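One structure below.
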Protein chains: 2
Amino acid sequence: MIKTTVQVAEMFKALSNPNRLNIFLRLMNCCAPGTVCSVDEAGKRCVGDLGADLNIAPSTLSHHIKELNRAGLVRMQRRGQHVDCWVDPVVVEELGRFFEPGRK
Amino acid sequence: MIKTTVQVAEMFKALSNPNRLNIFLRLMNCCAPGTVCSVDEAGKRCVGDLGADLNIAPSTLSHHIKELNRAGLVRMQRRGQHVDCWVDPVVVEELGRFFEPGRK
DNA sequence: CCTATATTTCTAAATATATCGAAATATATG
DNA sequence: CATATATTTCGATATATTTAGAAATATAGG
């Protein structure tokens, strides 16, 4: 899945806000900083959980997660009242390769 | 060299603009897209070279490279009329690790 | 010192982003 | 259906970013 420079820039933009980066890191680590991971399904957390201790309004949280989703980094799916979120491992792996030298 | 979430977000922000990302990629690849690498010192290119074919004003180019430098991704040093630029390999390697799962 | 080239600084305008609160929607359950 | 909880949409505002052009600065070479 080859990406254009613009698409990759979109992904980095999604991670360029400290709040969004924290949300992303929580999904990557599968648990809030300093806490033990406890989610229903492996690697998935609902929107509300992701905003814990981040001191942002629910509407802002929703907006940020939508941005991460739009950029292709995070997938979402409603499950009852909640909406589960998880990182797309393939996309994340591709991003990691961006920082390997000698890449073509 | 441990970085805060804010510092890392700054780095991603530096890469969130397509023009800046292109500049960064040229430094990473050490040559313009589709061309053979030809720089004085390994991995270094001057400010002017980095903007070739990017269709941006010199002032804009200078601004973007300064942003990459401020974020810690790119180092710069004047050499005569030119200013050489090169990526900080340590910082880039650290960024790459951000996308490895299971990181603590 | 004068000129040419490279780069930066400053200023300004257009556009984009971050954030909130209020209202709307979705779902579960009594 | 009424209510409670979770999330999203909408509208507004403050702030930040992108970019260019003009002027300033740096360096090399006559």
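Numbered from 1 within each chain, the chains take letters A, B, ... in sequence-line order. Please read these numbers as outputs of a predicted model, since none were measured by experiment.
When rounded to the nearest whole Å, the span between CD of A:Glu67 and P of D:dT8 equals 13 Å. In this entry the distance linking CG of A:Leu68 with C1' of D:dT8 reads 16 Å, nearest Å. As a whole-Å value, the separation of B:Asn19 CG from D:dT19 C1' is 9 Å. Rounding to whole angstrom units, CD of residue B:Gln81 and P of D:dG29 are separated by 8 Å.
Between atom CG of residue B:Asn17 and atom CD1 of residue B:Ile23 there is a gap of 8.0 Å, rounded to the nearest 0.5 Å.
Contacts between residues 4-14 of chain B and DNA chain D, defined by a heavy-atom separation under 4.0 Å, are made by B:Lys13. The stretch residues 55-63 of chain A touches DNA chain C through A:Asn55, A:Ile56, A:Ala57, A:Ser59, A:Thr60, A:His63, each having a heavy atom under 4.0 angstrom from the strand.
Partners of B:Asp88 under the side chain to side chain donor-acceptor pair (under 3.5 Å) rule, at least two apart in sequence or in another chain, are B:Arg75. With sequence neighbours excluded, no residue satisfies ring-ring contact (aromatic ring centres under 6.0 Å, His included) with A:Phe24. Under the side chain to side chain donor-acceptor pair (under 3.5 Å) criterion, A:Lys66 pairs with no residue, sequence neighbours left out. For A:Glu10, there are no side chain to side chain donor-acceptor pair (under 3.5 Å) partners two or more places apart in sequence or in a different chain. Partners of A:Arg70 by side chain to side chain donor-acceptor pair (under 3.5 Å), not counting sequence neighbours, listed by chain and number: A:Glu67. Residues forming a side-chain contact (heavy atoms from CB on, under 4.5 Å) with B:Glu93 (at least two apart in sequence, or on another chain): B:Arg97. Under the rule for a side-chain contact (heavy atoms from CB on, under 4.5 Å), the partners of B:Ala52 that lie at least two apart in sequence or sit in another chain are B:Arg26.
Sorted by first then second residue, the salt bridge (Lys or Arg N to Asp or Glu O under 4.0 Å) pairs that include residues 55-64 of chain B, not counting sequence neighbours, number zero. Listed by first and then second residue, the ring pair (Phe, Tyr, Trp, His ring centres under 6.0 Å) pairs involving residues 46-81 of chain B amount to none (not counting sequence neighbours).
Classification of the A:Phe99-B:Phe12 ring pair by plane angle, with boundaries at 30° and 60°, yields tilted.
Applying the 4.0 Å criterion to OP1 and OP2 of D:dT18, one finds that B:Arg20 has a side-chain N or O inside that range.
For the pair B:Val47 and A:Asn17, both in contact range of DNA chain C, the more 5′-proximal nearest nucleotide belongs to B:Val47.
A 4.0 Å heavy-atom criterion places the boundary nucleotides of DNA chain C facing chain A at C:dT17 to C:dA28, written 5' to 3'.
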